[in-house]
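Right, one structure below, let's go through it.
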There are 2 protein chains.
Amino acid sequence: MEKENELFGVKEIARRANVSTATVDRVLHNRTGVSEKTKAKINAIIKEMDYQPNILASRLASKKIISLAALLPDVSEETDFWSAPLNGIRRAEAEMKQYGVQVQVFLFDLNNKDSFADQIRLVLDAGFHGILISPSFIEETRKFAAECVRRKIPYVFIDSDIPDLHSLSYIGPHLRKSGYVGAKLLTYRLEPEKKVLIINISKEIDNFNYLEIEDGFRAYFNDNNQPNEIVRIDIRETDYQSVARHLTYVFHLNKDIGAAFVTNSRVHTVASFLKNSHRTHVSLIGYDFVKENVDYLEDNVIDFLICHRPDDQGYRGMMALYQTLVVNAPVTKQNYMPIDIVTKENYEFYQN
Amino acid sequence: MEKENELFGVKEIARRANVSTATVDRVLHNRTGVSEKTKAKINAIIKEMDYQPNILASRLASKKIISLAALLPDVSEETDFWSAPLNGIRRAEAEMKQYGVQVQVFLFDLNNKDSFADQIRLVLDAGFHGILISPSFIEETRKFAAECVRRKIPYVFIDSDIPDLHSLSYIGPHLRKSGYVGAKLLTYRLEPEKKVLIINISKEIDNFNYLEIEDGFRAYFNDNNQPNEIVRIDIRETDYQSVARHLTYVFHLNKDIGAAFVTNSRVHTVASFLKNSHRTHVSLIGYDFVKENVDYLEDNVIDFLICHRPDDQGYRGMMALYQTLVVNAPVTKQNYMPIDIVTKENYEFYQN
DNA sequence: CTGAAAGCGCTTACAG
DNA sequence: CTGAAAGCGCTTACAG
């Protein structure tokens, strides 16, 4: 007598199709070596059953380990911002380890384009199954993306996006909107005759991110007919002395600056200047939950910090790779993070 | 010849202890029927190996399904707030299904204490392995907790906490700090001679949550020597007519109210009143990302909404139960959610 | 192009 | 108190 009860999963498919489970497995994973005819029959049954593979069993049986790489800027003296995404990546790693997924982290120097290119080489040569990358330099990233496409390796961008590069997913802020939010906060209590200062502190001349933010910032002024005059300054040296020198000059030229907006995490340098020069009445807004900035929040020199959940970016970036490579589930291409507003009063609950 | 290569997991433990894997399994799960001697020997080996069980294999082999219950207020005409935690719970459910975990949701009427008690009965009688609950009514929750403790069922509170009830975890806001943040935002551009209005709209007279929030709100005024006079009103009927009547009266008595703070999600009712009575110059802050409130954000009547990631609360609440029951990992007892500030400019990215 | 058999690391009756 | 054996739902050589 044959077994009467319905079997589960691949066995049931095999029974119905009158083949072995090995053949079912081949079809399930699009492997070669199955006749079109049996393939069609099996696929029909899979559809009919609305078969959902048991990932537990799959990962348990498969000895193949999946290896993911994460390519991020190193934490530097200047900023520990990137420790947050790294945390998120580690969190994802812990969860995925169970499923036979390994994670390797590669760090580069944000002030050194060559180190970025070098690490890309390393990652590419090591043959990872999926890659998370912070696309800090455009041209190098472009080459990287082309190579990944050629090798069919999925890759995810976090923190900033370069569109049209066919990344599996972008996970990070909508920078333009983020600048828009900055402008709202900055003008919320600003008197109409006061000037507003946009400060851009960066060694990279052509950083597209800051331009996006500034664009959004200005858009808010237009959309809301804000009368305030906007003054803008680019500072190419990031050390305190240089920043202070430039700011002294700007404040000398413009007596009535009521608020300042810094387009990145270097806002603490400006805070330091404002404090030293007794200008803490100037509203100050900038980016990122890093220690130096939080200290100036605490000190009432920085009014608001805008943040984009950096740890979640790392976590979700890795999970996006996991979703494609392990679960074989679809992934959203654009994942804009919330634009969080951090103040002296709520920062203690922000980081988890 | 014996097998030379080291085995993995339970097999290796069994080999070293000279017992069968069944016995190892018994020790691993604290089951009865193992002599103290072998138990000690096995435990020593487990420790020595720093053995980590493979949860995949465990869940796959075990036919036992784990069932979790979630007990939440139903979405009502008044508010769809609770759809967000429910979403998070569903998200958790989808992830846990793989591991043989089932989730069942029980809904009660927030305006009906009896329905809360009824659902508690149902949940308790059904014999779930773990329970997530929104402890909306104190006394009933107290009884519920006692019963769970007696039966050794872990339970998690979300959204609001009742301390000293031995819940596995609380996941939700620090209400006092949340009120504090509200005060900061409310006073940020408030002129010193203006009055501030605290509005409490709730049928429940003794709702401890609102008192916590108000306490934090007032604390900010003290800590920062805010000169503004605070006017306070309790409204026991939640319909628009009643609210409008009360507010008309308060605004009649106090000509110089510059800002209003509503201690819950009914802020949209106040917004509606302010708009209808042409008082939109009054700054307005309240709670929760619900449709009606977002509409008034969009309309510039509500200035800020404070939110505590309701979907994450549901998700993390279920995950806490999963951690104890399936992974057997420790769980943080207090999980304060971030106090998020939502504005017209950033709300579109808030909900995911 | 296809299948029989072993195995992933656990758990579960069942028998003693 | 303990163990042999079967099995969870897949995947993987290996053989044909």
Side-chain angles (χ1 to χ4, degrees), chain A residues 3 5-43 45-46 49-66 97-101 129 325-328, chain B residues 3 5-43 45-46 49-66 97-102 325-328:
Chain A
K3 245 198 183 161
N5 292 322
E6 216 170 269
L7 298 166
F8 267 132
V10 286
K11 283 185 192 166
E12 174 62 15
I13 299 173
R15 190 187 64 79
R16 293 201 201 178
N18 233 292
V19 297
S20 72
T21 57
T23 299
V24 174
D25 192 68
R26 288 184 185 102
V27 173
L28 243 21
H29 296 286
N30 277 312
R31 298 206 189 87
T32 57
V34 185
S35 75
E36 282 305 322
K37 204 175 142 196
T38 37
K39 191 170 175 176
K41 198 197 324 182
I42 291 173
N43 271 135
I45 294 170
I46 289 172
M49 288 175 58
D50 185 27
Y51 168 72
Q52 306 287 64
N54 182 323
I55 298 168
L56 262 68
S58 168
R59 292 311 302 164
L60 182 61
S62 172
K63 300 273 69 186
K64 201 188 296 165
I65 71 150
I66 291 182
K97 208 164 60 180
Q98 298 271 6
Y99 288 91
V101 179
H129 298 96
L325 292 168
V326 180
V327 185
N328 203 3
Chain B
K3 246 196 182 163
N5 290 324
E6 216 170 271
L7 297 166
F8 268 133
V10 285
K11 284 186 193 167
E12 174 63 13
I13 298 174
R15 190 187 64 81
R16 295 202 200 179
N18 235 294
V19 297
S20 72
T21 58
T23 298
V24 173
D25 192 69
R26 288 182 186 105
V27 173
L28 243 20
H29 296 287
N30 276 312
R31 298 204 190 89
T32 56
V34 185
S35 74
E36 282 305 321
K37 204 177 142 195
T38 37
K39 192 170 176 177
K41 198 194 328 183
I42 291 174
N43 272 134
I45 294 171
I46 288 172
M49 286 175 59
D50 186 27
Y51 167 72
Q52 306 286 63
N54 182 323
I55 298 167
L56 263 69
S58 168
R59 293 310 304 162
L60 181 61
S62 172
K63 299 272 71 187
K64 199 188 297 164
I65 73 151
I66 290 180
K97 208 164 62 181
Q98 298 271 7
Y99 288 91
V101 178
Q102 284 187 351
L325 292 167
V326 180
V327 185
N328 203 2

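Every chain is numbered from 1, with letters handed out A, B, ... down the list of sequences.
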Between A:I66 and A:R59, is there a side-chain heavy-atom distance shorter than 4.5 Å? yes
note: B:N18, atom CG; D:dA4, atom C1'; distance rounded to Å ~ 15 Å
B:I45 vs B:Y51 side-chain heavy atoms within contact, under 4.5 Å = no
Per atom distances to the B:A22 side chain, the nearest of C:dT2, C:dA13, D:dT12 is C:dA13
*Validation row: A:R15, A:K11 side chains within 4.5 angstrom (heavy atoms)*: no
Discussion item. By the 4.0 Å heavy-atom rule, please label A:G33 as base, sugar-phosphate, or nothing.
Written reply: base
Across every strand shown, the nucleotide meeting Watson-Crick or G-U wobble geometry with D:dA4 (both distances under 3.5 Å) is none
From CD of A:Q98 across to C1' of C:dG9 the rounded distance in Å is 12 Å
For A:L56 and B:Q98, the nearest pair of non-hydrogen atoms, with its separation, is CD1-O, 3.4 Å
From CZ of A:R26 across to C1' of C:dA4 the rounded distance in Å is 11 Å
Looking only at side-chain N and O atoms, does B:Y99 come under 4.0 Å of OP1 or OP2 in D:dG9?
no
Kindly say if A:T21 contacts the phosphate of D:dG9, meaning a side-chain N or O under 4.0 Å from OP1 or OP2. no
_Pairwise side-chain contact, A:N54 with B:L60, heavy-atom cut-off 4.5 Å (strictly under)_ = yes
Any strand, both distances under 3.5 Å, Watson-Crick or G-U wobble: D:dA13 pairs with none
In whole angstroms, the gap separating P of C:dC8 from CG of A:L60 amounts to 9 Å
(Q) Quiz question: going by heavy-atom distance under 3.5 Å, is there a donor-acceptor pair between the base of C:dG9 and the side chain of A:R59? (A) no
Can you check whether A:R31 has a side-chain N or O nearer than 4.0 Å to OP1 or OP2 of C:dC1? no
**Request:** State whether A:T23 places a side-chain N or O below 4.0 Å from either non-bridging phosphate oxygen (OP1 or OP2) of C:dT2.
**Result:** no
Rounded to whole Å, the CG-P distance (A:L28 to D:dG9) equals 15 Å
(request) Look at the side-chain N and O atoms of B:T32 and state whether any lies under 4.0 Å from the OP1 or OP2 oxygen of D:dC1. (result) no
ask   = Quick one: is C:dC8 close enough that its OP1 or OP2 comes under 4.0 Å of any side-chain N or O from B:K11?
value = yes
Winner on side-chain proximity to B:V19, out of D:dT12, D:dG9, D:dG3, is D:dG3
In whole angstroms, the gap separating P of C:dG9 from CD of B:E12 amounts to 12 Å
Of B:S20 and B:S62, the one whose closest nucleotide on DNA chain D sits nearer the 5' end is B:S20
In whole angstroms, the gap separating P of D:dC10 from CG of B:N54 amounts to 16 Å
Smallest heavy-atom separation, A:A14 atom then A:S20 atom, equals CB-C, 3.8 Å
Closest of D:dG3, C:dC8, C:dC10 to the B:A57 side chain is C:dC10
According to a strict under-4.0 Å criterion, is A:S58 in side-chain N/O contact with OP1 or OP2 of D:dG9? no
To the nearest angstrom, the CG-P distance between A:L56 and D:dC10 comes to 10 Å
